[in-house]
2 protein chains.
Amino acid sequence: MSLINRNTDYAIRALVQLAQKKGKVVAVAQLAKAEKMPQPFLRRIMQVLCQNGLVVSHQGKKGGFSLRKKPAEISLGEIARVFQGGVDISQCLFRNFGCHNRQNCFLRKRLKKIEKIVVSELERTNIASFLTER
Amino acid sequence: MSLINRNTDYAIRALVQLAQKKGKVVAVAQLAKAEKMPQPFLRRIMQVLCQNGLVVSHQGKKGGFSLRKKPAEISLGEIARVFQGGVDISQCLFRNFGCHNRQNCFLRKRLKKIEKIVVSELERTNIASFLTER
DNA sequence: ACATAATGATACTTTTTGGGTATCATATGA
DNA sequence: TCATATGATACCCAAAAAGTATCATTATGT
């Protein structure tokens, strides 16, 4: 099990690259090549990022994508929300959906607590966090 | 995505039940019924718990399983380790296994950090933690 | 104008994994 | 000796994740 899936992973890497280019327009082909991501897959991811207002798309020759927000304003939490509907670490696994006593489930309570911690970590980590480290 | 899978989930529920029975021998059929878990599936889970020294099996008529350790000595972390090989929240999702620079992967580092927090929470939560709450 | 090189939109395929069954063998208490 | 429990394994199924393919549209440079 993993906290983030590949969509999220690739999206983060692409966004970090865009951030390094300081708002310049970069084509998917370049982004994909740099981190060895499958291009058509990344293309779809960029479209979704565009639809969700994280990047701006530029059509036509010399087109590509550029950041729409400041790196510091894009958190991992937001990206995860786009591609995974957030981080739902404590989801009920019970047979046929739904524990018979969801409200009082002892296990659920405990996992929710852990989830909160994780989510807050993801919120305070943003694209800018990664710029200096590289 | 979920922190624990169903094996782990069911195992926890079964162990809590056994803890409530204070070391008495309980058949899988009973355990399964109480939490509405699929019996043959739970049976396999109990076998694994037995092989890993968490419970003792008693064969034959009037057989079943009983706790081998004190509830306080069985952590969620240990159970997760048995059924999921631990909590590997920061696993590399990169194409064909392995980032090209696993050591310096900025994303991996960050996720590892979060993973540590989660694991420590799971370690300090044990079966006894759930006994009073019910 | 037009070829080229980019994204838009969408449908499809493949792979992996989680979750679950089925079955036969073995042990044991009444 | 029979009923009822676990031991050990092999197998199946469905859903989700990951990735591919294709055709339409838009902009640029000549």
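So that the names make sense, note that chain A is the first sequence line, chain B the second, and so on, each numbered from 1.
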| Atom CG of D88(B) to atom C1' of dG18(C): distance rounded to whole Å? | 16 Å

| task | Answer yes or no: is there a donor N or O on one side and an acceptor on the other, between the side chain of Q39(B) and the main chain of A32(B), under 3.5 Å? | result | no

| query | Does S129(A) reach the main-chain N or O of N126(A) with its side chain, forming a donor-acceptor pair under 3.5 Å? | reply | yes

| field | Rounded interatomic separation in angstrom, taking CG from L18(A) and P from dT7(C) | value | 11 Å

| field | Separation of dA17(D) P from I45(A) CD1 (nearest whole Å) | value | 13 Å

| said: dG19(D), OP1 or OP2 - any side-chain N/O from Y10(A) closer than 4.0 Å? | reply: yes

| Is a side-chain donor or acceptor of Q84(B) paired with a backbone partner of N5(B) at a separation under 3.5 angstrom? | yes

| Which whole-number value in Å describes the distance from N5(B) CG to dA15(D) P? | 18 Å

| message | Rounded to the nearest 0.5 Å, what separates atom CG in L49(B) from atom CZ in R44(B)? | response | 10.5 Å

| message | Expected output is a numbered-order residue list: members of residues 25-33 of chain B with a heavy atom under 4.0 Å from any atom of DNA chain D. What is it? | response | A27(B), V28(B)

| task | Let me know the distance between CG of D9(B) and P of dG18(C), rounded to the nearest Å. | result | 14 Å

| request: List in chain and number order the residues that pass side-chain contact (heavy atoms from CB on, under 4.5 Å) with R68(B), two or more places apart in sequence or in another chain; answer none if no residue qualifies. | output: V56(B)

| Do any of residues 52-67 of chain B sit with a heavy atom less than 4.0 Å from DNA chain C, and if so which? | Q59(B), G60(B), K61(B)

| Tell me, do L3(A) and I89(A) make a side-chain contact under 4.5 Å, heavy atoms counted? | yes

| How long is the gap from OG on S90(B) to CD1 on I4(A), to the nearest 0.5 Å? | 9.5 Å

| query | How close or far is atom C1' of dA15(D) from atom CD of Q84(A), stated in whole angstroms? | reply | 17 Å

Measure all distances between protein nitrogen or oxygen atoms and nitrogen or oxygen atoms of nucleotides 9-11 of chain C, and list the pairs falling under 3.5 Å.
{"residue": "dA9(C)", "atom": "OP2", "partner": "Q51(A)", "partner atom": "NE2", "Å": "3.4"}
{"residue": "dA9(C)", "atom": "N7", "partner": "Q47(A)", "partner atom": "OE1", "Å": "3.4"}
{"residue": "dA9(C)", "atom": "N7", "partner": "Q47(A)", "partner atom": "NE2", "Å": "3.4"}

| message | For K69(A), give me all partners under side-chain contact (heavy atoms from CB on, under 4.5 Å), at least two apart in sequence or on another chain. | response | L54(A), E73(A), I74(A), E78(A)

| task | Please report, rounded to the nearest Å, how far the C1' atom of dG8(C) is from the CG atom of L49(A). | result | 15 Å

| field | E123(A): partners by salt bridge (Lys or Arg N to Asp or Glu O under 4.0 Å), with sequence neighbours left out | value | R81(A)

| message | Can you confirm whether L76(A) sits close enough to F130(A) that some side-chain heavy atom of one is under 4.5 Å from a side-chain heavy atom of the other? | response | yes

| Over how many whole Å does the gap from R6(B) atom CZ to dT21(C) atom P extend? | 11 Å

| note | Here the pair of heavy atoms bringing L131(A) nearest to A19(A) is CD2-CB, 3.8 Å

